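Here is the structure we will look at, set down as structure tokens.
For this chain, numbers begin at 1 and follow the sequence in order. Bear in mind the structure is a predicted one, so any value in this text is a computation, not a measurement.
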Amino acid sequence: MKEITNNLYIGRLLDLQNFSLEDDAIVHATQTTHYQIMGWNRTTNKPNKNHPNYIIWENNNRLSLNWVDGPAHLYKWSGPGTFTRILDFIESWIENRKVFIHCDQGYSRSPTLGLLYLHLMKDNLLFL
């Protein structure tokens with residue numbers, strides 16, 4: 001787990017234990033956690049791809065993404081609106097709370113989102 005700027009942390013699923021689901025803001029960038037939150041599984045309760053929360057779910061200080069590493073053909077491109085929503089979520093919490101972005105291993109999805117946020121923050125491109 002790394003703090004990449006004040007109050008913004010990136011890491012892996014195991015690092016989630018260092019954060020509070022009540023006190024911190026969490027971005028779950030992993031299908032594993034998304035399925036758990038939504039009550040889905042791969043065998044008896046498969047998700048419907050038309051479900052309104054199939055790709056993204058947000059509730060107060062938690063945002064969850066149904067994202068996997070792998071071929072792009074697994075999912076339809078959800079457009080830039082998904083990234084805007086993630087960045088807006090981070091921006092809305094970062095002043096007052098720790099924000100933790102995680103994926104399964106902390107090597108791809110979470111660093112990508114953290115670096116995108118840093119880049120846009122540096123260039124003053126974040127607009128709420």
Side-chain angles (χ1 to χ4, degrees):
M1 173 181 54
K2 296 276 185 191
E3 183 176 18
I4 61 172
T5 192
N6 190 42
N7 275 351
L8 183 60
Y9 300 80
I10 57 170
R12 59 191 177 144
L13 184 59
L14 289 176
D15 297 322
L16 185 58
Q17 65 191 349
N18 298 313
F19 294 88
S20 165
L21 294 177
E22 291 81 30
D23 298 327
D24 301 318
I26 312 292
V27 176
H28 307 283
T30 170
Q31 186 181 68
T32 306
T33 305
H34 192 76
Y35 271 37
Q36 288 173 347
I37 289 169
M38 299 307 297
W40 298 333
N41 61 53
R42 288 177 174 74
T43 55
T44 59
N45 187 21
K46 292 182 181 179
N48 177 335
K49 291 184 179 187
N50 295 316
H51 190 283
N53 299 119
Y54 181 70
I55 298 293
I56 191 166
W57 169 88
E58 183 177 347
N59 186 8
N60 194 25
N61 63 326
R62 292 177 73 191
L63 186 133
S64 179
L65 304 160
N66 185 9
W67 282 5
V68 297
D69 284 332
H73 70 272
L74 292 175
Y75 300 94
K76 287 171 45 176
W77 165 241
S78 56
T82 300
F83 288 97
T84 300
R85 190 164 167 193
I86 296 163
L87 295 169
D88 287 347
F89 175 87
I90 295 168
E91 187 68 11
S92 70
W93 292 103
I94 200 162
E95 246 186 74
N96 301 312
R97 295 186 187 205
K98 293 178 189 174
V99 177
F100 177 54
I101 307 169
H102 78 87
C103 55
D104 289 322
Q105 298 301 318
Y107 295 141
S108 57
R109 290 160 282 175
S110 58
T112 298
L113 291 173
L115 290 171
L116 178 62
Y117 177 82
L118 287 179
H119 174 71
L120 295 176
M121 183 180 75
K122 173 187 76 76
D123 291 339
N124 282 329
L125 297 175
L126 286 175
F127 301 102
L128 294 176

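In plain terms, the two heavy atoms of Pro111 and Gly106 that are nearest each other are CG-O, 3.4 Å. In terms of heavy atoms, Pro47 sits closest to Asn41 at CD-O, 4.2 Å. Closest non-hydrogen pair, Asn60 versus Phe89, comes out as O-CE1, 3.5 Å. The shortest heavy-atom contact between Lys46 and Arg42 is CE-O, 2.8 Å.
Within the 4.5 Å cutoff, the side chain of His102 has no heavy atoms near those of the Arg109 side chain. Here the side chains of Gln17 and Asp15 are not in contact, with every heavy-atom distance at 4.5 Å or above. For the pair Glu58 and Arg85, the minimum side-chain heavy-atom distance is below 4.5 Å. Leu63 is not listed as a side-chain neighbour of Trp57, based on a closest heavy-atom distance of 4.5 Å or more. The shortest distance between side-chain heavy atoms of His51 and Trp40 falls below 4.5 Å. By the 4.5 Å heavy-atom criterion applied to side chains, Ile4 and Leu118 are counted as neighbours. Between Glu3 and Leu8, every side-chain heavy-atom pair lies at or beyond the 4.5 Å cut-off. Annotation: side chain of Tyr117 is not in contact with side chain of Ile101 (no heavy-atom distance under 4.5 Å).
There is a path of hydrophobic side-chain contacts, each under 4.5 Å, that joins Tyr35 to Val27. No continuous path of ILVMFWY side-chain contacts below 4.5 Å connects Ile37 to Leu21, so the two sit in separate hydrophobic clusters. Ile10 is not connected to Leu16 by any chain of hydrophobic side-chain contacts under 4.5 Å among Ile, Leu, Val, Met, Phe, Trp and Tyr, and they are in different clusters.
Residue Thr33 holds its OG1 atom at 13.0 Å from CE of Met38, rounded to the nearest 0.5 Å. Distance check, rounded to the nearest 0.5 Å: CD of Gln105 to CG of Leu14 gives 7.5 Å. Rounding to the nearest 0.5 angstrom, the gap separating the CE atom in Met1 from the CG atom in Asn18 is 4.5 Å. Separating the CD atom in Glu91 from the CD1 atom in Ile86 is a distance of 14.5 Å, to the nearest 0.5 Å. Separation of atoms CG (Leu113) and CG (Leu65) is listed at 7.0 Å; rounding is to 0.5 Å. For the atom pair CG (Asn66) and CD1 (Ile55), the distance works out to 5.5 Å, reported to the nearest 0.5 Å.
Ser64 and His34 form a side-chain donor-acceptor contact under 3.5 Å, judged by distance and modelled atom types alone.
Phe19 has its ring centre less than 6.0 Å from the ring centre of Phe100.
When atom types are taken as modelled, the side chain of Asp23 and the backbone of Ser20 share no donor-acceptor pair closer than 3.5 angstrom. Put simply, the side chain of Asn45 gets close to the backbone of Gly39: a donor and an acceptor are under 3.5 Å apart. Of the possible donor and acceptor atoms, none in the side chain of Asn59 sits under 3.5 Å from a partner among the backbone N and O of Arg62. Asn61 places a side-chain N or O within donor-acceptor distance of the main-chain N or O of Asp24, the cut-off being under 3.5 Å.
Ring geometry for Phe83 against Trp67 counts as tilted: the plane angle lies between 30° and 60°, on a 0 to 90° scale.
By the side chain to side chain contact (heavy atoms under 4.5 Å, CB included) test, Asn7 is found to be paired with Ile94, Lys98, residues two or more places apart in sequence or in another chain being considered.
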